[in-house]
Visitor: 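A single structure is presented below for examination.
We name chains A, B, ... by the order of the sequence lines, and we start the count at 1 in each one. Side-chain atoms are counted along with the backbone in the values below, which use heavy atoms only and exclude waters and symmetry mates.
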Amino acid sequence: MKGTNIMEELNDILVQRRAKMEDLRSEGVNPYANDFPVQHTSADIADAHENDDSAVLEGCTAKYVVAGRIMARRDFGKAAFIQIQDRKGRLQVYVGRDNVGEGAFAIFRKLDLGDIVGLSGTPFRTKTGELSLRADSIRLLTKSLQVMPEKWHGLTDVETRYRQRYLDMIVNPGVREIFLKRSRIISLIRNFMVDHDFLEVETPMMQPIAGGATAKPFITHHNTLKMDLFLRIAPELYLKRLVVGGFDRVFEINRNFRNEGISIQHNPEFTMMEFYRAYATYHDLMDFTEELICHVAKEVVGGQVIPYGGKEVDLTAPWDRLTVKEAIVKYGEIEPAVLEDRASALTYAESLGLELDQNIGYGKLLTELFDAVAEPKLWNPTFITEYPTEVSPLSRKNEQHPELVDRFELFMVGRELANAFSELNDPMDQKERFLKQLEEKEAGDEEAHAMDEDYIRALEYGMPPTAGEGIGIDRLVMLLTDSASIRDVILFPQLRPESR
RNA sequence: GAGCCGGUAGCUCAGUCGGUAGAGCAUCUGACUUUUAAUCAGAUGGUCGUGGGUUCGAUCCCCCCCCGGCUCACCA
């Protein structure tokens, strides 16, 4: 039988809800009304009357028209207290038969937790002192056919929270807070950049060559062009083309996609801000980054010492600055000489239990050591400089030490938050670096950088000396919202499809 | 990709040393016009993640698979 009734698959509560909705319809109540002009929020009432005592409110004739979802309900036969939730918070409403009328009250009695109502009323204080609204009218605006999670324990199952984020947002106020903060953080960053005369731009998400970083890309296909495209792993090469074109202070806040593992700090799509500033060096960007993040933290968290993971992070400037080697020496508690030649560094790495290719380059070896020994211990913000040229195909070489590049990464709470360098603008050098990367690709490194001929051509027209940086926005939001997992700061984190 | 842990009512959880399951909240019926997890009386609700095996009998033991979490690997 084709038309198996879906009702048969529903539990009793869901069947009841649907039946109630039909009842309401038959009584002439539209369960999906669309004609209620809301005039106030819960916050308007709180803001206006939080300091009024019951005597003052007794004479108050102000009328408020609000709407929201019923989150709690305490019935007393001919009256009830409900709590409604709107975008600003919760409001207690006293609904009495004598105030709203017998007909409206009879319908109100049939409403469920989760239903959305519109109502009007005047403020008063209850016997226990809670600022509330005494409804003089109430009506159903939207029927909820699903059941709200438990009022006390709420929704804690992480899988359901991520899959049904809407429900998570309804019942977990902390989740709302995080995403309100996320929005605020991004606004603050955007305003800061614009105030410093940066121009916001949008560059391709679908790219014929996935450049600007070393990572495995997602592949997609354009039917009409009959060509594969890559979802971008970074906007870098396009933004630098804009610097060549004369937009010499640009930034972009947008998604990158990397086809790699998922973890507590990695989502396949993540938000990054990249910015480029001509006539600046990576030293300038260290100061700029300090200023930017301190500013955002002050606005969002209220200070420079912020809670994270049960501890505190001190963002007070100036931040520590160490070279890669200094950091390994400091946190590995070794003699500097150990790192001065490849062989002794490799012996040291093996003593730590690192499994490395015997042919690993000296530069790569140093960064492996740094990741193992120093990164997890960098709690307060620290700039790390003097990265090997070998692992930095797009960075400008240091003029005194060409085996190093003018680059820093910023670390906090044991993880990388930003990566910046003085840009390589010598097209010949750039071409050689790309060729070197191609060799590595042929040697089996899937993530080696691809050759981008047009980018070389752009550099040949001349790119002014420029410094550029990428800041991981999700990780910054994690830090400023004291979130342990990147999934807690991404509205819809990537999950496998729900099995049915 | 590997290891460990988990999946029982709408939600939060307990439980069965193998004899087909309980609580609280929610829901339903009734009482109640100032409650704050309201209260009181009664009631309903489950293919115990999926499939297979062992067994007289499996939600429980074994195996495969699915989904999630954490750790590691890769990376930002």
Side-chain angles (χ1 to χ4, degrees), chain A residues 9-17 19-20 54 71-83 90 92-100 105 110 112-114 124-130 132 134 144-164 167-168 170-172 212-216 233-234 255-274 353-355 367-368 371-372 375 409-411 415-419 445-447 470-476 478 484-487 493 495-500:
Chain A
E9 295 173 15
L10 300 174
N11 72 40
D12 286 354
I13 302 179
L14 300 187
V15 172
Q16 284 164 6
R17 287 281 173 112
K20 278 185 176 182
S54 38
M71 299 303 292
R73 174 177 185 124
R74 293 178 282 275
D75 266 297
F76 296 91
K78 298 180 186 67
F81 284 95
I82 58 170
Q83 276 193 326
R90 287 194 181 192
Q92 178 169 271
V93 180
Y94 177 78
V95 183
R97 192 183 61 177
D98 296 345
N99 304 110
V100 300
F105 193 77
K110 295 179 185 174
D112 293 301
L113 294 181
F124 75 109
R125 272 194 197 277
T126 63
K127 282 180 183 168
T128 50
E130 182 168 343
S132 308
R134 181 182 285 108
S144 171
L145 298 179
Q146 292 282 344
V147 194
M148 287 290 124
E150 205 216 0
K151 63 185 169 191
W152 190 240
H153 298 94
L155 180 68
T156 60
D157 180 78
V158 287
E159 185 174 352
T160 311
R161 288 187 46 224
Y162 296 148
R163 287 194 195 283
Q164 295 180 250
L167 190 58
D168 193 24
I170 291 169
V171 300
N172 291 325
T214 51
K216 285 177 217 128
I233 56 175
R255 227 66 65 79
N256 289 340
F257 306 85
R258 298 190 184 174
N259 204 343
E260 285 160 359
I262 293 176
S263 82
I264 204 163
Q265 0 174 0
H266 299 86
N267 195 61
E269 53 182 304
F270 63 103
T271 301
M272 193 102 138
M273 174 168 80
E274 275 200 19
L354 297 184
E355 286 176 25
T367 58
E368 292 283 346
D371 290 348
E375 178 171 354
E409 289 196 5
L410 170 64
F411 292 86
R415 50 179 97 114
E416 185 187 337
L417 205 78
N419 178 22
D445 183 351
E446 276 185 80
E447 297 183 1
I471 298 179
I473 298 297
D474 309 284
R475 289 186 180 178
L476 181 61
M478 284 169 71
S485 169
I486 197 168
R487 295 183 199 96
L495 298 176
R496 287 193 167 85
E498 200 170 352
S499 62
R500 282 228 134 222

Visitor: Stacking check: are the rings of A:Phe81 and B:rU35 less than 5.5 Å apart at their centres and under 30 degrees in tilt?
Guide: yes
Visitor: Under 4.0 Å, heavy atoms only, any strand: does A:Gly261 hit a base, just the sugar-phosphate, or nothing?
Guide: base
Visitor: Is a donor-acceptor contact shorter than 3.5 angstrom present between the side chain of A:Arg73 and the base of B:rU35?
Guide: no
Visitor: Would you please confirm or rule out a distance under 4.0 Å between OP1 or OP2 of B:rU35 and any side-chain N or O of A:Arg74?
Guide: no
Visitor: Provide a list of protein-nucleic acid N or O atom pairs under 3.5 angstrom, restricted to nucleotides 43-50 of chain B.
Guide:
from, atom 1, to, atom 2, distance (Å)
B:rU44, O2', A:Asp12, OD2, 3.3

Visitor: With a 4.0 Å limit, can you tell me whether A:Lys151 has a side-chain N or O closer than that to the phosphate oxygens OP1/OP2 of B:rA26?
Guide: yes
Visitor: With a 4.0 Å cut-off on heavy atoms, is A:Phe124 in touch with a base, just the backbone sugar-phosphate, or nothing at all?
Guide: base
Visitor: When all nucleic acid strands are considered with a 4.0 Å heavy-atom cut-off, which category describes A:Gln146: base, sugar-phosphate, or nothing?
Guide: nothing
Visitor: Return yes when atom CZ of A:Arg255 has more than 12 non-hydrogen atoms of other residues, nucleotides or ligands closer than 6.0 Å, and no otherwise.
Guide: no
Visitor: So what does A:Asn259 touch, heavy atoms closer than 4.0 Å: a base, only the sugar-phosphate, or nothing?
Guide: nothing
Visitor: What contact category does A:Leu417 fall into here, base, sugar-phosphate, or nothing, at under 4.0 angstrom with non-hydrogen atoms?
Guide: nothing
Visitor: As a test of reading the structure: which of B:rA73, B:rA26, B:rC32 is closest to the side chain of A:Ile13, going by heavy atoms?
Guide: B:rA26
Visitor: Just compare B:rC70, B:rU35, B:rC67 and give me whichever is closest to any side-chain atom of A:Ile264.
Guide: B:rC70
Visitor: Nearest to the A:Thr156 side chain among B:rC32, B:rA26, B:rC13, which nucleotide is it?
Guide: B:rC13
Visitor: Select base, sugar-phosphate, or nothing to describe what A:Asp474 touches, counting heavy atoms under 4.0 Å on all strands.
Guide: nothing
Visitor: Once you round to the nearest 0.5 Å, how far does CG of A:Leu417 lie from CE of A:Met478?
Guide: 10.0 Å
Visitor: With respect to the side chain of A:Glu159, which nucleotide from B:rG68, B:rU35, B:rA76 is positioned closest?
Guide: B:rG68
Visitor: Would you say the side chain of A:Glu130 and the base of B:rU35 hold a donor-acceptor pair, judged only by whether the two atoms sit under 3.5 Å apart?
Guide: no
Visitor: Between B:rA76, B:rG10, B:rC70, which nucleotide has the shortest distance from any of its atoms to the side chain of A:Ile486?
Guide: B:rA76
Visitor: At under 4.0 Å between heavy atoms, what does A:Leu155 touch on the DNA or RNA strands: base, sugar-phosphate, or nothing?
Guide: sugar-phosphate
Visitor: Distance criterion of 3.5 Å, no angle test: do you see the side chain of A:Thr126 paired donor-to-acceptor with the base of B:rU35?
Guide: yes
Visitor: Just call it for A:Gly154: base, sugar-phosphate, or nothing, with non-hydrogen atoms closer than 4.0 Å on any strand.
Guide: sugar-phosphate
Visitor: Starting at the 5' end of RNA chain B, which residue's closest nucleotide do you reach first, A:Glu260 or A:Gln92?
Guide: A:Gln92
Visitor: Based on Watson-Crick and G-U pairs with both distances under 3.5 Å, what dot-bracket line describes RNA chain B 5' to 3', crossing pairs as [ ] and inter-strand pairs as |?
Guide: (((((((..((((.....[..)))).(((((.......))))).....(.(((..]....))).))))))))....
Visitor: At under 4.0 Å, does any side-chain N or O of A:Arg161 touch on OP1 or OP2 of B:rG68?
Guide: no
Visitor: Quick check for you: among B:rG68, B:rA26, B:rA76, whose closest atom lies nearest to any side-chain atom of A:Arg163?
Guide: B:rG68
Visitor: Can you see if the side chain of A:Arg125 gets near the phosphate of B:rU35 - specifically, an N or O under 4.0 Å from OP1 or OP2?
Guide: no
Visitor: Hey, could you give me the CE/CG distance between A:Met148 and A:Leu113, rounded to the nearest 0.5 Å?
Guide: 8.0 Å
Visitor: Determine whether the aromatic ring of A:Phe270 stacks with the base of B:rA76, defined as ring centroids separated by less than 5.5 Å and ring planes inclined by less than 30°.
Guide: yes
Visitor: Give the nucleotide from the list B:rU12, B:rG69, B:rG10 with an atom nearest to the side chain of A:Asp157.
Guide: B:rU12
Visitor: Tell me every residue that passes salt bridge (charged side-chain N to carboxylate O under 4.0 Å, His left out) with A:Arg73, counting only those two or more places apart in sequence or in another chain.
Guide: A:Asp75
Visitor: Test for a donor-acceptor pair under 3.5 Å between the base of B:rU35 and the side chain of A:Tyr94, counting only N and O atoms.
Guide: no
Visitor: Nearest to the side chain of A:Lys127, which nucleotide is it out of B:rC70, B:rU27, B:rU34?
Guide: B:rU34
Visitor: Base, sugar-phosphate, or nothing: which does A:Lys110 touch, judged by heavy atoms less than 4.0 Å apart?
Guide: nothing
Visitor: Do any side-chain nitrogens or oxygens of A:Arg496 fall under 4.0 Å of OP1 or OP2 in B:rC67?
Guide: yes
Visitor: Give one of base, sugar-phosphate or nothing for A:Asp98, where a contact means two heavy atoms less than 4.0 Å apart.
Guide: base
Visitor: Determine: side-chain N/O of A:Lys20 to OP1/OP2 of B:rU27, distance under 4.0 Å, yes or no.
Guide: no
Visitor: A:Phe76 has a side chain; which of B:rC32, B:rA26, B:rA37 sits nearest to it?
Guide: B:rC32
Visitor: Pick the C1' atom in B:rU44 and in B:rA9, then give their distance to the nearest Å.
Guide: 11 Å
Visitor: Mind checking the CD1-CD1 spacing from A:Ile262 to A:Ile264? Nearest 0.5 Å is all I need.
Guide: 13.0 Å
